[in-house]
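Reviewing the structure listed below.
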Amino acid sequence: MPDNDTLVALSLFAFVGAFTPGPNNLMVLASGTAFGFSRTVPHILGVTFGFAVMLLAFGIGLGRFFQAYPALHETLRLAGAAYLLYFAWRIARAGDPGAAPAAQRPLTFLEAALFQWVNVKALTLAVGVVAAFTRVGGNLARELAAIVSIFSIATVLTLVTWCGFGLAIRRLFASPRALRLVNGSLALMLAFSVVLLFV
């Protein structure tokens with residue numbers, strides 16, 4: 001197990017990295033606003049599980065694969081941008097009674113878990129934390145266990161908080177018209193985050 005100073009630094013890194021705005025947080029905020037807490041729980045758990053698997057994968061050497069094939073990273077980046085635009089469309093349509101069923105449901109556990117592999121912020125964070133908090137000659141299993149445990153706690157707490165922001169927005173703007181306007185605004189913010197990925 002890493003020493004106490006390392007655990008404190010890792011915890012700070014995890015909570016700051018998890019809480020700062022990014023695709024997962026904006027998507028959970030929008031999902032909380034559009035669908036409520038209980039329907040967003042699978043999304044929250046899927047993000048947490050998917051990111052934990054990604055951390056383990058990078059810990060056992062997947063990062064070297066991306067370094068050897070940079071075109072794969074760019075392909076994932078483009079796929080992530082396309083998926084964010086699709087999800088923004090779903091959020092914008094969530095308040096529309098005539099919308100297709102796919103546009104009226106939150107992400108499933110599996111969709112949220114798989115999204116981590118095209119989420120540029122998640123990929124960057126995973127590479128950074130594994131590089132910073134594992135040591136050559138250290139006990140990799142213990143180091144990865146600490147990283148995954150702390151990041152999983154940080155991810156759940158952060159996403160529940162962002163979902164709570166969404167619930168507050170939902171209560172403040174309770175009328176269907178106001179909720180449609182809020183969903184449209186959140187969809188635009190999510191779409192704008194795609195633009196920022198390429199600036």
Side-chain angles (χ1 to χ4, degrees), residues 10-55 77 80-95 102-129 147-175 178-197:
L10 175 60
S11 298
L12 289 172
F13 187 96
F15 278 92
V16 170
F19 196 80
T20 51
N24 284 324
N25 294 337
L26 287 175
M27 289 167 75
V28 166
L29 169 71
S31 184
T33 303
F35 305 113
F37 180 74
S38 61
R39 293 183 68 195
T40 304
V41 167
H43 186 160
I44 292 170
L45 296 178
V47 169
T48 305
F49 177 78
F51 190 61
V53 169
M54 180 184 287
L55 286 170
R77 192 167 168 246
Y83 192 83
L84 283 173
L85 291 174
Y86 166 68
F87 190 74
W89 172 79
R90 278 174 56 175
I91 289 300
R93 300 292 307 276
Q104 295 181 335
R105 66 168 179 82
L107 285 189
T108 65
F109 176 92
L110 184 60
E111 287 171 332
L114 291 176
F115 173 69
Q116 302 321 297
W117 293 95
V118 293
N119 179 352
V120 175
K121 181 187 173 186
L123 287 164
T124 305
L125 200 56
V127 170
V129 73
I147 289 169
V148 169
S149 299
I150 289 171
F151 261 91
S152 294
I153 293 166
T155 301
V156 168
L157 293 177
T158 292
L159 293 178
V160 166
T161 302
W162 278 86
C163 186
F165 295 155
L167 296 176
I169 291 169
R170 184 184 177 106
R171 288 191 187 99
L172 283 172
F173 301 95
S175 75
L179 202 52
R180 278 196 298 273
L181 285 172
V182 169
N183 286 343
S185 300
L186 290 172
L188 283 174
M189 284 173 56
L190 199 54
F192 183 66
S193 75
V194 173
V195 174
L196 295 180
L197 289 176

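- Here Ala126 pairs with Phe51, Met54, Leu55, Phe58 under the side chain to side chain contact (heavy atoms under 4.5 Å, CB included) rule; sequence neighbours left out.
- Side-chain contact between Phe115 and Asn24 is present, with heavy atoms from C-beta onward closer than 4.5 Å.
- Here Arg171 contributes atom CZ and Ile169 contributes atom CD1; the two are 11.5 Å apart, rounded to the nearest 0.5 Å.
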Show the atom names and distances, to 0.1 Å, of all donor-acceptor pairs under 3.5 Å that link a side chain in residues 156-168 to residues at least two apart or in another chain.
| from | atom 1 | to | atom 2 | distance (Å) |
| --- | --- | --- | --- | --- |
| Thr158 | OG1 | Ala154 | O | 2.8 |
| Thr161 | OG1 | Leu157 | O | 2.8 |
| Trp162 | NE1 | Phe19 | O | 3.3 |

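- A distance of 12.5 Å separates CG in Leu29 from CZ in Arg170, rounded to the nearest 0.5 Å.
- Applying the side chain to side chain contact (heavy atoms under 4.5 Å, CB included) criterion to Ala52, with sequence neighbours excluded, gives Val148, Ser152.
- Listed by chain and residue number, nothing satisfies the side-chain hydrogen bond (donor to acceptor under 3.5 Å, both in side chains) test with Thr33 (two or more places apart in sequence, or in another chain).
- The 12-atom threshold is not exceeded at CZ of Phe49, counting heavy atoms of other residues, nucleotides or ligands nearer than 6.0 Å.
- Applying the side-chain hydrogen bond (donor to acceptor under 3.5 Å, both in side chains) rule to Thr108 yields the partners Glu111; only residues at least two apart in sequence or on another chain are considered.
- Among residues two or more places apart in sequence or in another chain, the ring pair (Phe, Tyr, Trp, His ring centres under 6.0 Å) test is passed with Phe15 by none.
- For Thr20, the side-chain hydrogen bond (donor to acceptor under 3.5 Å, both in side chains) test picks out Lys121, with sequence neighbours left out.
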Only distances under 3.5 Å count here; give the side-chain donor-acceptor pairs of residues 38-45 to other protein atoms, sequence neighbours excluded, each with its distance to 0.1 Å.
| from | atom 1 | to | atom 2 | distance (Å) |
| --- | --- | --- | --- | --- |
| Arg39 | NH2 | Gln104 | O | 3.4 |
| Thr40 | OG1 | Ser31 | O | 3.4 |
| Thr40 | OG1 | Ser31 | OG | 2.9 |
| Thr40 | OG1 | Gly36 | O | 2.7 |

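- Considering all non-hydrogen atoms of both residues, Phe13 and Val129 come closest at CE2-CB, 3.7 Å.
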